[in-house]
Number of protein chains: 2
Amino acid sequence: MADVAERAGVSTSTVSRTLRGLSTVSPEVRARVEQAARDLNFAVSRQAASLVTGRTGTVAVMVPTLNSWFMGSALSSLAPLLRAAGMQLNVYEIPDLAERTAFFEHLPARRNADALLVFSFDLTDEETARLDDLGMPVIYVSQHVEGRPSVYVDDVAGALHGTRHLLNLGHRRIAFVPTEGASGFTFSSNERLLGYRQALAEAGVPLDDDLVVSTRTGSKRAAAESLGALLSLREPPTAVFAEQDEVAVALIWNLRKTRIAVPERISVLGFDDQPLADWFDLSTVAQSPSEMGRLAGELALKLIDDSDGDHERHIVLPTHVIPRGTTAPVATRPAGQPERPEGPEESEAPGSPASA
Amino acid sequence: MADVAERAGVSTSTVSRTLRGLSTVSPEVRARVEQAARDLNFAVSRQAASLVTGRTGTVAVMVPTLNSWFMGSALSSLAPLLRAAGMQLNVYEIPDLAERTAFFEHLPARRNADALLVFSFDLTDEETARLDDLGMPVIYVSQHVEGRPSVYVDDVAGALHGTRHLLNLGHRRIAFVPTEGASGFTFSSNERLLGYRQALAEAGVPLDDDLVVSTRTGSKRAAAESLGALLSLREPPTAVFAEQDEVAVALIWNLRKTRIAVPERISVLGFDDQPLADWFDLSTVAQSPSEMGRLAGELALKLIDDSDGDHERHIVLPTHVIPRGTTAPVATRPAGQPERPEGPEESEAPGSPASA
DNA sequence: GTGAAAGCGCTAACAA
DNA sequence: TTGTTAGCGCTTTCAC
């Protein structure tokens, strides 16, 4: 910066003022300084600046993985927003328990970011408390933490509406397939289960715990097992509501393999509306992670600017039922009994794998 | 840090030494300092440290998007590696030309990172030159830049082997569907096209430019148009090699819709081996972005440590042909003429959408 | 509107 | 092995 100052024939203070866009610089001087900075290819060291301002110009995000549709979408909308605000984006990927322990032990974000966005973790109270005295705004995303800024989807309502969709199609035996929380985060399983139950209750359909069978995500095999449990019930379901699109698709995959027609014999509903859903023509409950990322980012910026300000601190996002080709009115005959001989089904959307 | 020093009854130098794990600290003092640091919940400010060391403890990555299988996988393997080395990960998402111009204008990574990983851009010589005097190691990933550290997949060989696979199945009319470079990056289209041509040449199959039809990625509609161009040729292809799995799947989707059996009437081969390929039972040429991320990260760390060292600076990763259900021997009759009446195909993997 | 000087929190050289 | 001191590059009073 000293070089720039010398070249422009001013003091470093003036250079600093100019480069930060303060208005207290005369136009001619400003021009000269900017030219000098450009000539010398100069960029301010945030490190040095932050030392005196106490701000790092960085927003940290803590994510369970970077390799998922959800995180990709969320971060994709977050990143440009931060850049536009002149902020850097720092990513902490915490894939397993060991990393998680280490993270909470050292809290590496401390003093190295102006705000922290925590994505999709089910934190213990102790961990939350630890984040509380991190000395920066902490925003919980895709989860809902009492008394802290949170941005999340209304999972209860989403599952409620999804289940109602199935009920409206005449289904009464509706299974729910939640995803087993692998490494301490559950993608809102509980809330979605709640919404499912609520819908059944309000429709006067008796709850049947046999119809709730959890599975692991992304595994065709695990889906097959869950499916087996459901299909071998005395009274099997006519519709299955999977807590995630991936699981829904795995179920469909297995159903097709078994030559059980979807949606004629059994309807399948997902949750997320990720691209896979479109490929498989899957009916689903849509949520928008990109919207979530955007709102979380905006909230973060507001809280950095003015952490005691009067901001909406609990932002709840809506969901939408997207009916596609895998949900249909319940067959008039009891499920499990074919309406007609097995064989090729009639034409259907090519995106949905057929049995034939 | 002064607080910690006081509490431990030592100087700040000793605290600094202890916290950096230097061996020149006596065990008792070390214990005392560590305890004090823990009590006070102290974390070193990287900002302040970097001011004097000249190192930021940060690796920056410049990516076109965060919302893709490729980037997700690559960053997912890169992030833990950096964390293990005590480095932060800084992400610059540059989705469009405007952002790109702004990025190269200001080079915000300058002085704010110890190394830069550039993913999947086709840079101009001017841009490359600009990165050259960034004052830090720049590693090009998923691309191949003359004279600079690069980590990339052998796209030519991949396409060569893929095409050979089709040739070995008896195909002679083999189409290639590259992806139009949307915003200045081409995902190695050219190299893959090269490999395709090479394979045909070595097999003595004449090149036919009508068999190369580009498309946009992720668009069913665009795929339909490309497909139309191919199917309306006087001598249509019996196999299509898509430059990306997504395109391959879109082609299959449209083929099924048109009731053209895959692979009986036409074989389809992809490139990438992303999860979608498995869902659609797509034969493909596999590459490993996670391996790429890992190697790029390791190279970055090496170059930060010792930028003139004798490191392998061009790392080329292999590809593997993964035959699945969408490639099969060419039909004995000329393509375009059905071998048997249209109708349900025999049983096939349920992952691949069937026409029936 | 601009400059001089102090100091942010740390590390590195040097001394002890 | 430990402490003292200087200074990294910037921003921010406070004068002018």
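Every chain is numbered from 1, with letters handed out A, B, ... down the list of sequences. Only heavy atoms go into these numbers, but all of them, side chains included; no hydrogens, no water, no symmetry mates.
Contact annotation for Arg20(B): backbone-only contact, meaning every heavy-atom pair under 4.0 Å involves sugar-phosphate atoms and none involves a base. Note on Ser45(A): only backbone sugar-phosphate atoms sit closer than 4.0 angstrom, heavy atoms only; bases stay farther off. If you check every strand for non-hydrogen atoms under 4.0 Å, Arg46(B) touches nothing.
At most 12 non-hydrogen atoms from other residues, nucleotides or ligands lie less than 6.0 angstrom from CG of Asp125(B). Atom CD of Gln35(B) has more than 12 heavy atoms from other residues, nucleotides or ligands within 6.0 Å.
Comparing dT11(C), dT13(D), dA13(C) against the side chain of Arg17(A) picks out dT13(D) as the nearest. Looking at the side chain of Met1(B), the nearest of the listed nucleotides dA5(C), dC10(C), dT2(C) is dC10(C). In the set dA12(C), dC10(D), dG9(D), dG9(D) carries the atom at the smallest distance from any side-chain atom of Leu51(B). For Ala49(A), counting side-chain heavy atoms from C-beta on, the closest listed nucleotide (dT11(D), dG3(C), dT2(D)) is dT11(D).
At least one side-chain heavy atom of Glu298(B) sits less than 4.5 Å from a side-chain heavy atom of Leu295(B). Residues Glu291(A) and Ser77(A) fail the side-chain proximity criterion, which asks for heavy atoms closer than 4.5 Å. Side-chain atoms of Gln88(A) and Tyr92(B), non-hydrogen and from C-beta on, do get closer than 4.5 Å to each other.
Within the 4.0 Å cut-off from OP1 or OP2 of dC10(C), not a single side-chain nitrogen or oxygen of Ser16(B) is found.
Between the side chain of Ser13(B) and the base of dA12(C), at least one donor-acceptor pair of N or O atoms lies under 3.5 Å. Taking only distance into account, the side chain of Thr53(B) never meets the base of dA12(C) through a donor-acceptor pair shorter than 3.5 Å. No N or O donor and acceptor, one from the side chain of Ser26(B) and one from the base of dT2(D), sit under 3.5 Å apart.
Toward the 5' end of DNA chain D, the nearer of the two residues Ala48(B) and Gly9(B), judged by each one's closest nucleotide, is Gly9(B). Both Thr24(B) and Arg111(B) sit near DNA chain D, but only Thr24(B) has its closest nucleotide nearer the 5' end.
With rounding to whole Å, Arg55(B) atom CZ is found 16 Å from dC8(D) atom C1'.
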